[in-house]
There are 2 protein chains.
Amino acid sequence: MELDARKKKILQAVIKNYLETGEPVGSRTISKYTDLELSAATIRNEMADLEEMGYIFQPHTSAGRIPTDAGYRLYVDDMLQTRAEQMNSRQEEPLRHAENTAGPDRMEERFERIETVLKDVVKMLAVNTNYTSVVSMPQANRNRLKFLQLTLLDSKKLLCTIVLEGNIVKNEMISIKDEIDQQTLLKLNLLMNSTLNGLTLKEINFDMAARMAEQADKHGELVSDILSHIVATIGSADGIEIFTSGAKNIFRYPELADSMRAGEIISTLEEKELLTELMTEDHGDDSDKTTGIQVYIGKETPVNSMKDCSVITATYEFEKGVYGKVGIIGPKRMDYEKVVAALSNVTDSLDKKFNKDK
Amino acid sequence: MELDARKKKILQAVIKNYLETGEPVGSRTISKYTDLELSAATIRNEMADLEEMGYIFQPHTSAGRIPTDAGYRLYVDDMLQTRAEQMNSRQEEPLRHAENTAGPDRMEERFERIETVLKDVVKMLAVNTNYTSVVSMPQANRNRLKFLQLTLLDSKKLLCTIVLEGNIVKNEMISIKDEIDQQTLLKLNLLMNSTLNGLTLKEINFDMAARMAEQADKHGELVSDILSHIVATIGSADGIEIFTSGAKNIFRYPELADSMRAGEIISTLEEKELLTELMTEDHGDDSDKTTGIQVYIGKETPVNSMKDCSVITATYEFEKGVYGKVGIIGPKRMDYEKVVAALSNVTDSLDKKFNKDK
DNA sequence: AGTTAGCACTCCGACTAAATGAGTGCTAAC
DNA sequence: GTTAGCACTCATTTAGTCGGAGTGCTAACT
């Protein structure tokens, strides 16, 4: 069977209607709703076909139709494509695009800590969309070390301050066995900085560690100790920081609101580790390369507890090469168009904001 | 009317039973449950009295009784008192107390970052009690400044690393207008450290700021700028870090599980700022001075969204004078005894752990 | 061919009525 | 002061009924 233009139009109508009402949509409704003037009976035939093709289904005999994941997928792909086309044609007249980015006024107030900015953004998103939203701090992973500083706190504790290229700062407390004096500390600082500066985490390897340990002479052990602390601190998945907002919004959507499902989702939001996979690597190849927007429908999501949700993520750039993600979690019948637009605006604003600060 | 021993016993029986079942308890049940051999009819009379006194109530005519907040209060106060007495008598034989502290094995593995420890603890609590649990990082508020360091990141940004007495480290990024060279930076570091070291946040005042600005000569503006950044960073409620676990546990208790209530609670847990009040100052005067355990029943809690819950908090000591709090949030019919015991154990373990590390 | 109207059928959801049962308050007797 | 007995209340459960929305199918229409 073939998916001709008319079937596609009907499918779209079913989905749009279902997005609005959240209830199975029947043939009569469609027959009025669409501009193609067809009777309910004809629609029924077409809908039977669409069901056979796996785009829609009935929750029970003699009920209206509901889109399947495949149906949503088709719809979303279509939407993204026409969106991309629109963007392209608009690139020539950037004015439109500019006036489209709402809300930067809220974020420009003054120089703020990035956490504050992101917390504001995520809250704003949740409030505006009525879905749950998440944001990750810029990822340090593939980032270069800019500067590191060892400071003696007391006779047994060393404070190691690590600054990465994107001006991301981390602290690590290191316990030391043997006492150490200011002089050698100064030397160590010099040594480590000169060796490590500008390096990616992945460029720091055993070889280098060995060479440094050698140069540090009797403090070799301490150096490698420090080094492994550094690597661990930055590299650990633990390092990812995620903020969420609007968790309670899932209660707006009955299909997610039963305590089992909601509990699972909320646990995931609470234990942010489980979101790591979602908020770091690019999953799937269906991401929109130009905007960094990804749409996961139902089982497509990498997060187990969200098999009944749809998740949309977008990428923002904090500094050159340093990225973070913003995401929206909602029911499968979420307003994909609105959410994609909102995320796109937000990442645009963030990109601008962070670039302006430089 | 007077609350004689028998009435008290009946009240206790009602509450105990209700804690277990979660359902209104009737006179027949009590008549069997208690050791005082009384018929249901007698119990009924007594219960009518108890209702008049405001300790219990009926959700509707011809239903069993449910404890009121006042009823719980009485019960809890009693429990805490007998508990305190037991503790006192046990102090002479500390072995008992020692074997009572379960779970330190889980936390002793190795030197861990305090965040990790606290996250483990809060998770463990949630799993063991089946309630929602929260923990706050040690509070910096009334803490002394141990050390502070200014580092030039680039021509426009200054990194300010702040270490407080309890080895709590904070970073603050400060934008500067005029460029500054390493020499003056060194001087500033020296000046600020020598002036501020060992001071409480509250001891840093305008007077001092003025004096320092004066000494800093032409960089006076920068100094006061930095100073206000420091004060703001540390002092801001923003600075409190809170971890939660087991949010989904509220769904175990139908009286909290409806989406309105649950949504409110979950929002509060998500926006940790709202928990600040709960996790910082001592509220109410009914706290158990010896253990730092506080019990908030229903409307007593300082957090608005938890008017239908009970909240129990306990204080642990990170370092001399640096405190954090652990809390359990559950339904009013929570197992107060078990929770108090669990919290008491946890704070004991934490106290020991942190003191041993030193 | 494709489209439409008509009709029997299915199934859900809302409503009603009756039965059940736990629990109370009250009275009268012990 | 305590208890047994009884009438009464009210939430919960069960079963039964009804209406409506929507379907699939067939037959007629273009």
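All chains are named by letter (A, B, ...) in the order of the sequence lines, taking the proteins before the strands, and each is independently numbered beginning at 1.
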Which part of the nucleic acid, if any, lies within contact of T42(A), taking any heavy atom under 4.0 Å across all strands shown: a base, the sugar-phosphate backbone alone, or nothing?
-> base
Looking across every strand, which nucleic acid part, if any, lies under 4.0 Å from A41(A) by heavy atom: base, sugar-phosphate, or nothing?
-> base
Answer yes or no: does a side-chain N or O of R65(B) lie under 4.0 Å from OP1 or OP2 of dG25(C)?
-> yes
May I ask you to verify if any side-chain N or O of T61(A) is less than 4.0 angstrom from the OP1 or OP2 atom of dC11(C)?
-> yes
salt_bridge(R73(B), D77(B)) N-O dist < 4.0 Å | yes
Just the rounded figure in Å: distance from [atom2] of [N] to [atom1] of [X].
{"X": "N45(B)", "N": "dT3(D)", "atom1": "CG", "atom2": "C1'", "value": "10 Å"}
{"X": "R44(A)", "N": "dG2(C)", "atom1": "CZ", "atom2": "P", "value": "18 Å"}
{"X": "M47(A)", "N": "dT23(D)", "atom1": "CE", "atom2": "C1'", "value": "9 Å"}
{"X": "I30(B)", "N": "dA22(C)", "atom1": "CD1", "atom2": "C1'", "value": "14 Å"}
{"X": "I10(A)", "N": "dT23(D)", "atom1": "CD1", "atom2": "P", "value": "12 Å"}
{"X": "H60(A)", "N": "dT10(C)", "atom1": "NE2", "atom2": "C1'", "value": "10 Å"}
{"X": "E37(B)", "N": "dG1(D)", "atom1": "CD", "atom2": "P", "value": "20 Å"}

DNA chain C: E46(A) or G64(B), which has the more 5' nearest nucleotide?
-> E46(A)
pair_partner(dA5(C)), Watson-Crick or wobble, both distances < 3.5 Å, evaluates to dT26(D)
Identify the nucleotide, in any strand shown, that forms a Watson-Crick or G-U wobble pair with dA11(D), with both distances under 3.5 Å; if there is none, say none.
-> dT20(C)
Evaluate side chain to side chain donor-acceptor pair (under 3.5 Å) for Y336(B) paired with S310(B), printing each intermediate quantity in order.
-> CA-CA 9 Å; Y336(B) 293 93; S310(B) 279; 2.7 Å; yes
Taking it one step at a time, do K123(A) and E271(B) satisfy salt bridge (charged side-chain N to carboxylate O under 4.0 Å, His left out)?
-> CA-CA 10 Å; K123(A) 194 165 186 175; E271(B) 283 198 58; 3.0 Å; yes
Are any side-chain N or O atoms of E46(A) and backbone N or O atoms of K7(A), one a donor and one an acceptor, separated by less than 3.5 Å?
-> no
Taking atom types as they are modelled, is there a donor-acceptor pair under 3.5 Å from the base of dT10(C) to the side chain of S62(A)?
-> yes
Do F251(B) and I266(A) come close enough that some side-chain heavy atom pair is under 4.5 Å?
-> yes
Name the residue closer to the 5' end of DNA chain D, choosing between S27(A) and R6(B) according to the nucleotide with the nearest heavy atom.
-> R6(B)
